[in-house]
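To keep things clear, I will list the structure first and then write my remarks on it.
Residue numbers start from 1 in every chain, and the chains themselves are labelled A, B, ... in the order their sequence lines are given, proteins ahead of strands.
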Amino acid sequence: MPEEPKKPRKIVPKKYPMPEQDPKARTKNFDEVPLGQDGQTAILEAQRCLQCKPGLNRKLCMDGCPVEIDIPGFIRKVQEGNFEEAIRIIRMKQNLPAVCGRVCPYENQCEGNCVLGRKNEPVGIGRLERFLADWERREMKKGKVQVPPSTGKKVAVVGAGPAGLTVAGDLAKLGHKVTMFEALQYCGGVLVYGIPEFRLPKEIVHAEVDYIRRMGVDIKNDHVVGKLDTVDELLQDYDAVFVGTGAGLPGWTGLPGENLNGIMSANEFLTRVNLMKAFKFPEYDTPIRVGERVVTIGGGNVAMDCARTSLRLGCKESVILYRRSDAELPARREEIHHAKEEGIRFELLAAPVEFIGDECGNVKQVKALRMKLGEPDASGRRRPIKIPGSEFIIDAQTVLIAIGQSPNPLVPMTTPDLRTTKEGTIAVDPEGRTSKKGVWAGGDIASGAATVILAMGDGKKAAKSMHNYLIGERSWPAPEVFEKLSCEM
Amino acid sequence: MNVEMQRQLGVMASAQSRWAGVLVTGRMRARMYEVVKSDKLTPDVIKLEISAPHIAKKAKAGQFIMVTPTEHGERIPLTMADFSPEKGTITIAALEVGKTTRELGKMKAGDKLFSLVGPLGIPTHLHQYGTVVSIGGGIGLALMYPVVRAFRQGGNKTVNIIGARNEKLLIYEDEIKSVSDEFYVCTDDGSKGHKGFVSDILKDLIAKGRKIDLVYAVGPIIMMKVIANITRPHNIKTIVSLNPIMVDGTGMCGSCRVIINGKTKFGCVDGPEFDGHEVDFDNLTARNRRYLPEEQVALRRWQEAK
Ligand SMILES: Cc1cc2nc3c(=O)[nH]c(=O)nc-3n(C[C@H](O)[C@H](O)[C@H](O)COP(=O)(O)OP(=O)(O)OC[C@H]3O[C@@H](n4cnc5c(N)ncnc54)[C@H](O)[C@@H]3O)c2cc1C
Ligand SMILES: Cc1cc2nc3c(=O)[nH]c(=O)nc-3n(C[C@H](O)[C@H](O)[C@H](O)COP(=O)(O)OP(=O)(O)OC[C@H]3O[C@@H](n4cnc5c(N)ncnc54)[C@H](O)[C@@H]3O)c2cc1C
Ligand code: SF4
Ligand code: SF4
Ligand code: FES
């Protein structure tokens, strides 16, 4: 490799552009919206990085990454054009780079800390990660992934979402025998049933899962823990158990008329479309239907995904109904931007009060109230206040409820000595240990609905703690610790 | 730039970083579920015995499975008509109403199913009630068999009433009879047993002042509604097994929501059995018609392709 000249570079203020599908064209298909950069652009982007040294009294990119990727290290290799080494550095910490490079909220994570980002745009760390993972998938040979000799220890991982996949990958890398139990027919959790194809093609998730399988992880799909083996039964066969069952329970408004036909939870809508591929009906058998106007209730990533999916399924107008203002929309900015580009109508400062049906039991209208913003609430966001007498009606043939998910209750329900908080999450200590000896938990089931990278961060911490337990002394925190945790939270 | 790097860049530029062409699918699956026996009970009811030892070991009366026959298929719920931990098999019986059930109807011994999840739902609450009158209609008879068997094993006196449109459509007759203390057959056309509805027999038993501690009903929605209306004024506890449209069957989507005593419940995790006096049957009927046009498209397309 010829030496690159080391003279001080001029700062390039903006990220190199990411080619994207045209907004008009893309609302007619389910193909990915950002198209990815080529190798030349990746090298140029990497060259924007200042290669900061850690240790000084300031936060750097890697401090913002929950899985502790050596960011300057891999970027250095990209600068040199050594993609193979660059992805190897990422892989040391990150089991799902192609996924995180797409859906990580990097603006608040690694890129949010980038030194360059104070005056200019930060280095495009997410898109570099994505580039390398895509490059690897295309270029590198597939085969068994090297793992160290077996330790003879057996681990069960329940739930194959980002948290479970991280634990499985990390423990397999350390030579433990991992078996993963997943309720659905495919692995990936929200990555396969929730996040739509145009943001995260399912083939990519399958490829990442395949990588973990090639590390020797045994994956058992169609296996609902709690209905088949319970956690207690797993503990008889395995040295340790990790629970990463996610926040799969849909939230409802509880308003009159919610059970009318045409009203669905975001989970039902997205599961039909993504997991069951209803967008390819009748090539795939699962049906889905949207009317002329689709109203989505909520303002997070899930709501954006619903609204944008509806457009692609052919509705004439897709409306987001959110009770606060634009500034409070909890979705990632990039998603909001994409949604607006595609022509989604934002009906802000409005909340539904009733769903009105026709004589056949189909929804036809949403009755809503205008809101205004008051004082900040506990979450720091300004509280929405109803404006009396401001009712208005929107016609809608489909209504999607995207107002949040809560923890999946099945495992806690069937594991009597697993302590939960009043929100229904499993109580864990900072290492991810639960009140039950030998059982760890992490991801959305422990934190409540959060993000892919935080679930992976939890998985990392738990894997470390599980490894210590497996090879060392099997001590466990006193029960009081969890008693405190479960009432505090 | 060295040669390797140029090669890498060339590839990237031409492939435009799209993932197309890199096909790793979810098809590499550890488990497949083999059909070990396939029978036709009537011209349009299929009975399949499927190898699924892990499910058979845990299954209980009243529980169901979600089956996806092929990779492109729909996930549909079917109740287990039988299960044998010893043989490691479960049995399902399906009325061939649409595309997916007809696809199952074509399955032969040795064929493999893409996905099978279970046992799901809350098992029938078994208890020594006393006299249990169980009523089944149509395909409900297959679902009813393991439940009445369990009632009997639990020490109840079992009065079983079964019905179908005509004699040829009566299924599981011998099996149910074998676990009955009292047994009645009805057909709409009178080709066997009483000519008329299963509800006639129930009304008759009530009119005769028979002591009934529980009524269990499974069959068409309208049948269950009629039964619940008959028992309500007499305050006879009535359990019905509902069949809302499901997607995952594990409590994740709410497709299966039903209204019970004014409250929303999920058929798959809170049910499928509920107190018949609390069910909003009209809402269930409306909700089960949600995808009629699409179901017809799927069926027509499948028939044409054959
Ligand atoms: C529509 C949508 C869009 C999102 N967009 C983003 C985004 O852009 N960026 C981002 O960072 N985050 C996003 N999120 C959030 C993110 O996907 C989740 O925080 C993350 O997936 C949580 O990971 P997890 O591993 O804890 O759980 P999950 O991904 O929920 O996985 C849990 C797995 O456990 C399985 N399971 C459950 N119960 C059992 C059982 N009893 N036995 C066996 N298996 C079981 C489930 O089937 C599932 O596969 C989004 C979420 C949704 C719903
Ligand atoms: C808990 C439960 C247990 C059941 N057990 C049995 C059984 O043992 N034997 C049996 O023959 N049938 C059973 N059913 C009904 C069976 O699931 C439907 O007949 C089947 O899904 C029809 O699929 P199809 O593609 O062949 O027909 P379609 O043409 O798709 O549908 C025909 C009708 O079946 C219903 N249906 C369609 N899709 C679904 C779905 N995903 N989930 C539920 N209902 C649907 C609708 O009312 C629809 O109008 C059960 C249903 C439930 C909820
Ligand atoms: S995993 Fe997420 S936070 Fe970490 S480097 Fe990648 S994009 Fe940034
Ligand atoms: S903070 Fe930004 S500029 Fe500094 S090393 Fe990290 S990515 Fe490069
Ligand atoms: S079928 Fe999805 S929650 Fe019951």
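- Contact annotation for A:Ile288: both backbone and side-chain heavy atoms come within less than 4.5 Å of a heavy atom of chain B.
- Of the listed residues (B:Met66, B:Glu295, B:Arg75), the greatest number of heavy-atom pairs within a distance under 4.5 Å of chain A belongs to B:Arg75.
- Results of the side chain to side chain contact (heavy atoms under 4.5 Å, CB included) test with B:Asp248 over B:Cys256, B:Cys253, B:Ser255 single out B:Cys253 as the only residue that passes.
- B:Thr89 and B:Glu49 share a side-chain donor-acceptor pair at under 3.5 Å.
- Using a 4.5 Å cut-off between heavy atoms, A:Glu233 touches chain B through its side chain atoms alone.
- Only the side chain of B:Arg257 comes within contact range of chain A, with at least one heavy atom under 4.5 Å from a heavy atom of that chain.
- Side chains of A:Asn259 and B:Arg287: a donor-acceptor N/O pair is absent below 3.5 angstrom, by distance only.
- Using a 4.5 Å cut-off between heavy atoms, A:Lys277 does not touch chain B at all.
- Comparing A:Asn408, A:Asn261, A:Leu410, A:Asn267 by how many heavy-atom pairs each has under 4.5 Å with chain B, the most go to A:Asn261.
- No close placement of the B:Phe114 and B:Tyr33 rings is indicated, their centers lying 6.0 Å or farther apart.
- Neither the backbone nor the side chain of A:Phe269 comes within contact range of chain B; no heavy atoms are under 4.5 Å apart.
- Residues A:Asp229 and B:His54 have side chains that never bring a donor and an acceptor to within less than 3.5 angstrom of each other.
- Crowding of B:Arg289 atom CZ: a count of heavy atoms from other residues, nucleotides or ligands under 6.0 Å not exceeding 12.
- Residue B:Lys57 places its NZ atom among 12 or fewer non-hydrogen atoms of other residues, nucleotides or ligands, all under 6.0 Å distant.
- Using a 4.5 Å cut-off between heavy atoms, B:Leu299 does not touch chain A at all.
- Of the atoms belonging to B:Ile259, it is side-chain heavy atoms, and not backbone ones, that fall under 4.5 Å from chain A.
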